[in-house]
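These notes concern the structure reproduced below.
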Amino acid sequence: MAAQKPSVPKGTRDFSPVEMVKRNFIFDIIKDVFKRFGYLPIETPSMEKLSTLMGKYGEEGDKLLFKVLNSGDYLSKVKLDLTKAESTKLTSEISEKGLRYDLTVPFARYVVQHLNEITFPFKRFQIQPVWRADRPQRGRYREFYQCDVDVIGSNSLFNEVELIQIIDQIFKKLSINSVIKLNNRKILLGIAEVIGEPDKFIDITVAIDKLEKIGEAGVIDQLLKSGLGSSSVSGLEPILKLTGSNKEKLTIIKEALEDSKTGLKGVEEVETILNYFETLPLNTELELDLTLARGLNYYTGAIIEVKSKDVEIGSLCGGGRYDDLTGVFGLKDVSGVGVSFGADRIYDVMEQLEVFPKEIVASTKVLFVNFGEKEEKYCLPLLQKMRDNGVNSEIFPESAKMKKQMTYANNKNIPYVVLVGESEMEKGILTVKNMTSGEQSEMKFEELLLKLTK
RNA sequence: GUGGUUGUAGCUCAGUUGGUUAGAGCGCUGGAUUGUGGUUCCAGAGGUCGGCGGUUCGAGACCGCUCUUCCACCCCA
């Protein structure tokens, strides 16, 4: 067979040791904070039935699902006329599974399926890859990791507050300057009502969401194109122009929504959440942003999004409240709220800002140089003792040239190299080289151990 | 999915209107230095020019298709 150039599919990546160490640094921080707030881990399969996935993410989402071809002679069972091009109908006949698109919908499925084992409110976190058949770009991959925290079975707005605290702590620990944007779907719905276009709710949210990108004129243009009357559009203008502090925005929007019950409910919810933070300190800026819409249509209350202040890369974290996600799986009236951290984007931002701590890359603390069989035997018990005391250490696996062994230590960023040859064995000491300073000194094993464990 | 863009050594990139044997820096291997990396000097290895097909006496360069990269739209972590 001819040698072929190996490669991975579009939008997927290998993670080499240096990358993995940094990725794990992110995952560990996120996980620790989740646990600190009492959330428990779950995992679900990479594949879900298409019946679970389809129709949950809107029309666009369905297109972005990776579908898995049925096993066996899948074509023989097809009843369609294949000479006519009907690919959408065909896929449902030859594929019944798909790769998960996010972690929220599988979680809803999980909750319904495991109802009997769960005590509510159920607080879980889930860190797994998801797949989207999107066209890759900077900060957009076809396979990427989401870190979800959700609490389901509690209507309390306190959960929203807790999620904001979690976001605040995580981004502080990751040294990312960010802003948390908060809005409420009920406010957006209220606005649609007030301007007399409740049916155009989705078009309105999609257009408003683009304000930052295409500007006011662009939004108005898009709204007109999607069939809104010009009087309705002009009714929206005050919202597009809204600026000032959170309190000022609330006052104005409350007035504008006085005829909409839903809208006022939304305002009240936002107020409640913001009031919590009058007394709770936050490191991150929390901003009421009425132009924040979020595409996923299952959100019904609070919506949250986090953006980096320093790097332009889309959102690093997003989520919100969904009142009826489990409804389609047969469990009514259970409300949940959650957010999802995009580990890959967080990685890209941290890489660009150079905020990864330098020391995390060096894992091994000591390398024993291998001088041969006798020396190796002498070193192995010492090595064992190092490890028993929690010091990451290794011995070069063969008595290669010094240069090679030193280069190995250097490339792995190992801070100390131990040399034990004949003369050291005789004297019962070690020659220890500090790879940072280049200095080298003789000391007893216990001395080195003490130095590395204090 | 629509429109554009990129691909030459492990990495970053040169390569003139199509013309002999495709280059540089970094990295890698060996040596100067048989018990010393990171600095210096010397030498060496490493290429289906993304892939397939076409035009031509001749293609890394031109054309078509395909894969990949990045960008805009759509949408999103």
Side-chain angles (χ1 to χ4, degrees), chain A residues 2-13 16 26 30 57-65 87-88 100-104 127-148 167 202 205-207 209-210 213-214 218 222 292-297 304-308 312-319 338-349 367 369-372 375 396 399-425 430-440:
Chain A
Q4 49 172 338
K5 204 173 204 170
S7 62
V8 296
K10 187 204 283 263
T12 66
R13 299 145 300 155
S16 295
I26 296 173
I30 291 177
Y57 310 105
E59 214 177 302
E60 202 64 36
D62 284 355
K63 280 189 216 158
L64 296 179
L65 281 170
S87 41
T88 43
R100 73 167 100 77
Y101 178 91
D102 71 358
L103 301 176
T104 309
I127 299 178
Q128 288 188 278
V130 302
W131 293 268
R132 292 183 191 176
D134 208 353
R135 205 171 274 201
Q137 263 179 56
R138 172 187 163 77
R140 305 184 104 162
Y141 305 97
R142 286 186 148 181
E143 177 184 61
F144 61 96
Y145 275 72
Q146 288 194 329
C147 315
D148 272 38
I167 292 170
I202 293 185
T205 56
V206 167
D209 199 33
K210 287 185 199 150
K213 207 173 204 176
I214 59 179
Q222 177 154 348
L292 171 64
R294 293 192 62 76
L296 291 175
N297 289 319
I304 299 167
E305 197 163 283
V306 182
K307 286 199 159 177
S308 159
E312 191 61 50
I313 199 168
S315 61
L316 300 179
C317 175
V339 292
S340 178
F341 293 79
D344 304 80
R345 281 189 183 172
I346 290 173
Y347 179 99
D348 289 348
V349 168
L367 174 80
V369 168
N370 192 326
F371 281 113
E375 291 87 345
F396 202 83
S399 64
K401 283 183 183 161
M402 267 293 267
K403 187 186 165 99
K404 189 177 167 79
Q405 301 195 40
M406 293 301 284
T407 307
Y408 177 83
N410 193 54
N411 290 347
K412 265 185 102 168
N413 270 316
I414 298 173
Y416 295 99
V417 170
V418 170
L419 300 105
V420 181
E422 235 169 284
S423 65
E424 282 92 349
M425 291 198 305
L430 317 173
T431 297
V432 178
K433 175 151 185 168
N434 179 329
M435 293 296 279
T436 325
S437 64
E439 282 161 17
Q440 140 177 344

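Values below: every heavy atom of this structure, side chains too, minus hydrogens, waters and symmetry copies. None of these values were measured; they are calculated from a predicted model. Numbered from 1 within each chain, the chains take letters A, B, ... in sequence-line order.
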Checklist entry - Does A:Lys10 get its side chain close enough to the base of B:U68, under 3.5 Å, for a donor-acceptor pair? => result no
Item to check | Interatomic distance at P, B:G44 relative to B:C49, whole Å | outcome: 24 Å
Item to check | Separation between the P atoms of B:G38 and B:G31, rounded to whole Å | outcome: 13 Å
Checklist entry - So which nucleotide from B:G35, B:G31, B:A77 ends up closest to the side chain of A:Thr431? => result B:G35
Item to check | P atoms of B:C63 and B:A22, separation to the nearest Å | outcome: 24 Å
Next on the checklist: In whole Å, I'd like the distance from the CG atom of A:Asp62 to the P atom of B:C74.
Outcome noted: 19 Å
Item to check | Position toward the 5' end of RNA chain B (nearest nucleotide), A:Ser340 or A:Gly438 | outcome: A:Gly438
Item to check | For atom CD1 of A:Ile26 and atom C1' of B:A77, their distance in whole Å | outcome: 13 Å
Next on the checklist: From CD of A:Glu59 over to P of B:C74, roughly how many Å is that when rounded to an integer?
Outcome noted: 16 Å
Next on the checklist: So A:Leu419, base contact, sugar-phosphate only, or nothing? Heavy-atom distance under 4.0 Å.
Outcome noted: base
Item to check | Side-chain donor/acceptor contact of A:Glu424 with base of B:G35 under 3.5 Å | outcome: yes
Item to check | Distance, rounded to the nearest Å, where A:Lys403 contributes NZ and B:C28 contributes C1' | outcome: 12 Å
Next on the checklist: Heavy atoms only, 4.0 Å cut-off, all strands: where does A:Cys317 land among base, sugar-phosphate and nothing?
Outcome noted: sugar-phosphate
Checklist entry - Which is true for A:Ser423 with a 4.0 Å heavy-atom rule: it touches a base, it touches only sugar-phosphate, or it touches nothing? => result base
Checklist entry - With stacking defined as ring centroids separated by under 5.5 Å and planes differing by under 30°, is A:Phe144 stacked against B:A77? => result yes
Next on the checklist: Does A:Gly11 reach a base, just sugar-phosphate, or nothing at all? Heavy atoms under 4.0 Å.
Outcome noted: sugar-phosphate
Checklist outcome for this item: A:Met406 CE to B:G38 P, in whole Å, measures 9 Å
Item to check | Those residues that, when tested against A:Asn410, pass side chain to side chain contact (heavy atoms under 4.5 Å, CB included) (two or more places apart) | outcome: A:Met435
Checklist entry - When the C1' atoms of B:G47 and B:G10 are considered, how many whole Å apart are they? => result 12 Å
Checklist outcome for this item: Side-chain contact check for A:Phe371: nearest option of B:C70, B:G35, B:U36 is B:G35
Checklist entry - Is any N or O donor-acceptor pair between the side chain of A:Arg135 and the base of B:U2 shorter than 3.5 Å? => result yes
Next on the checklist: Need one value for A:Gly58: base, sugar-phosphate or nothing, where a base atom within 4.0 Å counts as base even if backbone is also close, heavy atoms only.
Outcome noted: nothing
Next on the checklist: Can you tell me which nucleotide in B:C74, B:C70, B:C71 comes closest to the side chain of A:Arg138?
Outcome noted: B:C71
Next on the checklist: For B:C73 and A:Lys213 - does any side-chain N or O of the residue sit under 4.0 Å from the phosphate oxygens OP1/OP2?
Outcome noted: yes
Checklist entry - Any N or O donor-acceptor pair linking the side chain of A:Asn410 to the base of B:G37 at under 3.5 Å? => result yes
Next on the checklist: Classify A:Gly314 by what it touches in the nucleic acid, base, sugar-phosphate, or nothing, heavy-atom distance under 4.0 Å.
Outcome noted: nothing
Next on the checklist: What's the gap between B:G23 and B:G60 when it is taken at their C1' atoms, as a whole Å value?
Outcome noted: 12 Å
Checklist entry - Got a second to check how far A:Glu439's CD is from A:Lys433's NZ, nearest 0.5 Å? => result 10.0 Å
Item to check | A:Glu143 and A:Thr12: side chain donor to acceptor below 3.5 Å | outcome: no
Next on the checklist: Is the ring pair A:Tyr57/A:Tyr101 parallel, tilted or perpendicular, if the boundaries are 30 and 60 degrees?
Outcome noted: tilted
Next on the checklist: Applying a 4.0 Å non-hydrogen cut-off, can you work out what A:Tyr141 is touching in the nucleic acid: base, sugar-phosphate, or nothing?
Outcome noted: base
Item to check | Distance, nearest 0.5 Å, that separates CG of A:Asp344 from CG of A:Leu316 | outcome: 11.5 Å
Next on the checklist: Need to verify one output field. Residue with the more 5' nearest nucleotide on RNA chain B, A:Asn411 or A:Met435?
Outcome noted: A:Asn411
Next on the checklist: In whole Å, I'd like the distance from the CG atom of A:Leu64 to the C1' atom of B:U2.
Outcome noted: 14 Å
Next on the checklist: Roughly how many Å apart are B:C74 and B:U12, using the C1' atom of each and rounding to a whole number?
Outcome noted: 34 Å
Item to check | Separation of A:Arg345 CZ from A:Arg140 CZ (nearest 0.5 Å) | outcome: 7.0 Å
Item to check | Side-chain donor/acceptor contact of A:Lys404 with base of B:G37 under 3.5 Å | outcome: no
Checklist entry - Looking across every strand, which nucleic acid part, if any, lies under 4.0 Å from A:Gly61 by heavy atom: base, sugar-phosphate, or nothing? => result nothing
Checklist entry - Can you tell me if CD on A:Gln440 sees more than 12 non-hydrogen neighbours from other groups inside 6.0 Å? => result yes
Checklist entry - When you check the phosphate oxygens OP1 and OP2 of B:C74, does a side-chain N or O of A:Lys210 lie under 4.0 Å from one of them? => result yes
Item to check | A:Gln405 CD to B:G38 P, straight-line distance once rounded to whole Å | outcome: 14 Å
Next on the checklist: At 4.0 Å (heavy atoms only), tell me whether A:Asp134 reaches a base, stays on the sugar-phosphate, or touches nothing.
Outcome noted: base
Checklist entry - Rounded to whole angstroms, how far apart are CD1 on A:Ile414 and P on B:G37? => result 15 Å
Checklist entry - Is it the case that more than 12 heavy atoms not belonging to A:Leu64 sit under 6.0 Å from its CG atom? => result yes
Item to check | Interatomic distance at P, B:U48 relative to B:U8, whole Å | outcome: 12 Å
Next on the checklist: Roughly how many Å apart are B:G7 and B:A14, using the C1' atom of each and rounding to a whole number?
Outcome noted: 15 Å
Checklist entry - Which value, rounded to the nearest 0.5 Å, describes the distance between A:Asp348 atom CG and A:Ile313 atom CD1? => result 4.5 Å
Checklist entry - Side chains of A:Ser399 and A:Asn370: is there a donor and an acceptor less than 3.5 Å apart? => result no
Next on the checklist: Using a 4.0 Å heavy-atom cut-off, does A:Gln137 contact any base of the nucleic acid, only the sugar-phosphate backbone, or nothing at all?
Outcome noted: base
Checklist entry - Using Watson-Crick and G-U wobble pairs whose two distances are both under 3.5 Å, how do you write the pairing of RNA chain B as dot-bracket, with | for links to another strand? => result ((((..(..((((.....[...)))).(((((.......))))).....(((((..]....))))))..))))....
Checklist outcome for this item: In this structure, CG of A:Asp134 is separated from CD of A:Glu60 (nearest 0.5 Å) by 8.5 Å
Checklist entry - Counting any heavy atom closer than 4.0 Å, what does A:Thr436 reach on the DNA or RNA strands: base, sugar-phosphate only, or nothing? => result base
